[in-house]
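Worksheet: the structure to be examined is printed underneath.
It should be emphasised that the depicted structure is a prediction, and the values quoted were computed from it without experimental measurement. For the numbers below, each heavy atom of this structure counts, side chains included, while hydrogens, waters and symmetry mates do not. Here is the naming used below: chain letters follow the sequence lines, and residue numbers restart at 1 for every chain.
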Number of protein chains: 2
Amino acid sequence: MSSIYQVAEMAGVSVATVSRVINQRGYVSEKSRLKVQEAINILHYTPNQAAQSLTTSSTKLIGLLVPDINNPVFLEQSKGINDYLKDKGYILMYAESGEDDEEMSNMVRRFLSNRVDGIILCSRDFTQFGDMDAIIEPALKNNVHVVLNGYVDSKFEIDRVGFDNVRGAYLATEHLLKMGHSSIALIAGTDSTISEERYRGYREAHIDNHVSLNPALVVKGDFRQHSGYEAMLKILQMNPRPTAVFAMNDVMAIGAMMALEDHKVSVPDEIAVAGFDDIIWCSLIRPRLTSVVQPKYEIGKKLAEFLLSRMNESYSGPGRHEIFGSRLAVRQSTVKSEQQ
Amino acid sequence: MSSIYQVAEMAGVSVATVSRVINQRGYVSEKSRLKVQEAINILHYTPNQAAQSLTTSSTKLIGLLVPDINNPVFLEQSKGINDYLKDKGYILMYAESGEDDEEMSNMVRRFLSNRVDGIILCSRDFTQFGDMDAIIEPALKNNVHVVLNGYVDSKFEIDRVGFDNVRGAYLATEHLLKMGHSSIALIAGTDSTISEERYRGYREAHIDNHVSLNPALVVKGDFRQHSGYEAMLKILQMNPRPTAVFAMNDVMAIGAMMALEDHKVSVPDEIAVAGFDDIIWCSLIRPRLTSVVQPKYEIGKKLAEFLLSRMNESYSGPGRHEIFGSRLAVRQSTVKSEQQ
DNA sequence: ATTCCTTGTGTAACATGTTACACATTTTTG
DNA sequence: CAAAAATGTGTAACATGTTACACAAGGAAT
């Protein structure tokens, strides 16, 4: 790898001059500039970011930690983050962490070691981490800002971007109730704030519409497709059988629909299904899946925006918490053909 | 950010000793080790990768350039790459480049600037780039190895991982012919080696099965969903109307199926549809889409493997070219119900 | 007792870039 | 024309690690 010294030597100038040419700063004569430029081309020289960041103490690197790159929700969020950061000259260091304290901590350390300028942490739920503060403390103590997508109780002033889960679940449940269903099974996710909030929406919609809640209708899943499938098998055994199902995320809803397909139960005529997240698969599957729309892309952008404003110190107050609102996308899976 | 000097001072030893503790190299007394460890904990110290890589000239960073993170094909490939690299201590720098010379070149430069240890370039087709060699030359000239997924003519000794497109297209076409279709429309992709090869498979299957080729049955798309939709509209206008369609990738096949759905043409009874890539969506859509299985995950792993073997110099011969074989996943979209 | 390992630690050079400061020219101003 | 300002360039210090080499001290071998 060629260094600035080699360029300087070839161009017959000092390293300071080369540096000035590259960074377009200070005075450089046209003649010197040309000679330097030529040397750079011949040597295919690129400044070493590592060395650069030693002096500037900025790497233009942002660490992004997501639980699962394959999950369409995080994928689209990442896209929002990337789009916002890209033209500001930042580049992402992606890492996948599963949902596990240990690994998360390691990746944060790895990011710090790479002296990222900031860190974005995404999770389905941070409450599961024993001590989230312990994970982010090393970053904060070293003046690297962190923003989160999700929920945490933290003693630090952290910016968070969230989503109105209560309202979203409320909308989906209300819609099902309005479609005439009075017995709506719920496929829940793992114990977490998200699950709690979505449950609360489900509950409140029942109360507001004067429909009694039946705890027996709640089946626990784990946010993954297979658990949706299994949950639906249990629901099919129920007597009387519910006429609608609300799953706490789309992936489980799709698993549920597959179970219904395998058992030749028609959707939505025999059982209506609604999901949450509005991932792209909702429009692919037939019948198309009714789902709560989460502005994933915008959430990603907002995360990036929060982070950048912290980094360039245009904001440094208490932790901000932006909550994005909900909308329901009504599709075939909840609307009987004769009602269309 | 704390540095090794601060740790050394706090522990009352020299920086060399701290370095030895961190890298577990050389002799360090237990007493010193403990003092250093404690200082590290108190300061939340992490070695600066940038400074580290100055001396070791290794960053443990691998640059990965994909045209579109949202495309399931590249996503799964990335997963394969990431899984292989992760436990070897490497971390990925993802970048998305669209399919454009300029941007690609920039990102490679950016990677070099970050002194990545190696670069993986993915593309649907490299032949579209005027001068691929110009893009990778800066890397190679600086001793940074590059591996590619796809096709290129290069004067350099580059490892490539490809896929047997001819055979894949052959299998899909043959399958359709065997199902009794003699008029098979082809939804082609953009001009590229991939398209050419997939066309060749389509052609050869016809010849081997003594079915005459009809150029009028070929409709051009661009590998994207919408173009598949449009192409199918044209196919529906044909007279006589073909009874089967083979799309050069799944995304277009799915677009085509949506067009058929909108026009109430039943799949596979009136028109059979087959795609290429076997993305996850094939099993989501109804009827499930018959598709050529590309071992995307394995391709990703192989890319990473090739790169690493170059990097640690366990291989340094001429450019290798591994071609993965094909298999057809026959699903509902090509098999009429009474034949099942 | 003398020589030779083994263990433990520090000093200083080096990796690559940025930049404050010094110095030399030119050009402009009064 | 002298003084002041603008332009152009180099030297050296610094950012943060790694590591070769020097030096000490304690035992073991001769």
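Between A:Asn114 atom CG and D:dT16 atom C1' there is a gap of 14 Å when expressed in whole angstrom units. A straight line from CD1 of A:Ile4 to C1' of C:dC14 spans 16 Å, rounded to a whole angstrom. Here the C1' atom of nucleotide D:dT16 and the CG atom of A:Leu112 are 16 Å apart, to the nearest Å. Computed from coordinates, the A:Tyr27 OH to C:dA24 C1' distance equals 15 Å when rounded to whole Å. When rounded to the nearest whole Å, the span between CD of A:Gln6 and C1' of C:dG17 equals 13 Å. Distance CD1 (B:Ile40) to P (D:dG17): 10 Å, rounded to an integer number of Å.
Between A:Ser29 and D:dT9 there is a side-chain polar atom (N or O) within less than 4.0 angstrom of OP1 or OP2. The shortest distance between the side-chain N/O atoms of B:Gln52 and the OP1/OP2 oxygens of D:dT18 is below 4.0 Å.
A:Ser32 and A:Arg20 share no donor-acceptor pair across their side chains, judged by distance under 3.5 Å alone. Judged by distance alone, the side chains of A:Tyr297 and A:Asp83 do bring a donor and an acceptor atom under 3.5 Å apart. Side chains of B:Gln52 and B:Gln49: a donor-acceptor N/O pair is present below 3.5 angstrom, by distance only.
Between A:Lys301 and A:Glu298 there is no salt bridge, since no side-chain N of the basic residue sits under 4.0 Å from a carboxylate O of the acidic one. One finds a salt bridge joining A:Glu30 and A:Arg33 here, because a Lys/Arg side-chain nitrogen approaches an Asp/Glu carboxylate oxygen to under 4.0 Å.
No contact: B:Ser57 has no heavy atom under 4.0 Å from any strand. When heavy atoms are screened at a 4.0 angstrom cut-off, B:Arg33 is found touching no nucleic acid atom at all.
Among the nucleotides C:dT9, D:dA6, C:dG17, the one closest to any side-chain atom of A:Ser3 is C:dG17.
Nearest heavy atom pair, residue A:Leu65 against residue A:Met104, reads CD2-CG, 3.5 Å.
Annotation: proximity of residues 8-26 of chain B to DNA chain C (heavy atom, distance under 4.0 Å) is found for B:Val13, B:Ser14, B:Ala16, B:Thr17, B:Arg20, numbered in ascending order.
Each of B:Leu54 and B:Ser32 lies near DNA chain C, and the nucleotide nearest B:Ser32 is the one positioned closer to the 5' end.
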